[in-house]
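Some notes on the structure that comes next.
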Amino acid sequence: MVNHRKATDGGSISFSRRQLFIAAPLYVIASAFIFLLGILIGQSIEERKILRREEPAVKVPVKTDAPRADQEMTFYETLGKPEPAPPRAEEPPARTPWSVQVAASRNRATADEMAASLTKQGYRAYVTSGRLNETTFYRVRVGRFGTRQEAMAELQRLKAAKYKNAMITRNR
């Protein structure tokens, strides 16, 4: 074991014959063990891939305006045809980023009752839902406003009409 130390002159390490006869079989055993572990892990990965549910096939749309086999089309005819205009989509409704939230409840029936009461009073009330920490909340909101100033005016009306906890929120 003393011969095991690093030499200061040449920077080489020397082992005795006995040390080599001990180290070589240990190296072979460790390599075989790692190889077998790799095989076992690879098999378990393949089994999981087989057991995984197959993804549904993707449907590729087929163009029906393609030339038939009996039609001959040249390169110049293809280039000369104008591209059909894409169909016009309807204008999306104007985004209304602001509303006034009057209350939030864990019970849908309670939220619906409050929205109905607000509607009877002349407000445009509706109920939305959202999850927070694994709990669903039903939010009673009033109006959909394009600007924060419009929402602020409605908030003042609601606070004057006994809804002191009402607040302005952004619609998402």
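Source: prediction; values computed, not measured.
- With hydrophobic clusters built from ILVMFWY side chains whose heavy atoms lie under 4.5 angstrom apart, V28 does not share a cluster with I34.
- Side-chain heavy atoms closer than 4.5 Å link hydrophobic residues (I, L, V, M, F, W, Y) into clusters, and following such links, even through other members, never connects M167 to F145.
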Start with the C-alpha distance between S31 and F35, add both sets of side-chain angles, then the distance that settles side chain to side chain contact (heavy atoms under 4.5 Å, CB included), and finish with yes or no. CA-CA 6 Å; S31 298; F35 179 77; over 6 Å; no
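- Within the 4.5 Å cutoff, side-chain heavy atoms of R170 are placed close to those of W98.
- Note: S99 OG to E150 CD = 12.5 Å, rounded to the nearest 0.5 Å.
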Apply the test side chain to side chain contact (heavy atoms under 4.5 Å, CB included) to residues Y163 and L118: give CA-CA distance (whole Å), side-chain angles for both, the deciding distance (0.1 Å), then the verdict. CA-CA 10 Å; Y163 298 103; L118 285 163; 3.4 Å; yes
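- A distance of 11.5 Å separates CZ of F15 from CD1 of I22, quoted to the nearest 0.5 Å.
- Distance check, rounded to the nearest 0.5 Å: CZ of R141 to CD of E154 gives 14.5 Å.
- Applying the salt bridge (Lys or Arg N to Asp or Glu O under 4.0 Å) criterion to R131, with sequence neighbours excluded, gives E134.
- Closest approach of L20 and P25 over heavy atoms only: O-CD, 4.4 Å.
- Of the inter-residue distances, the one linking T128 atom OG1 with Q101 atom CD reads 6.5 Å to the nearest 0.5 angstrom.
- Nearest approach of A115 to V127, heavy atoms of both residues: CB-CG2, 3.7 Å.
- Following chains of ILVMFWY side-chain contacts shorter than 4.5 Å, one can reach I168 starting from M114, so the two form part of one hydrophobic cluster.
- Closest approach of Y126 to G143, counting heavy atoms only: OH-O, 3.4 Å.
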Could you go step by step and tell me if Y123 and L158 meet the side chain to side chain contact (heavy atoms under 4.5 Å, CB included) rule? CA-CA 9 Å; Y123 296 101; L158 283 162; 3.6 Å; yes
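- No donor-acceptor pair under 3.5 Å is formed between the side chain of S117 and the backbone N or O of E113.
- Annotation: the span from R106 atom CZ to F137 atom CZ amounts to 4.5 Å, rounded to 0.5 Å.
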Evaluate side chain to side chain contact (heavy atoms under 4.5 Å, CB included) for R139 paired with T169, printing each intermediate quantity in order. CA-CA 11 Å; R139 298 172 244 167; T169 61; over 6 Å; no
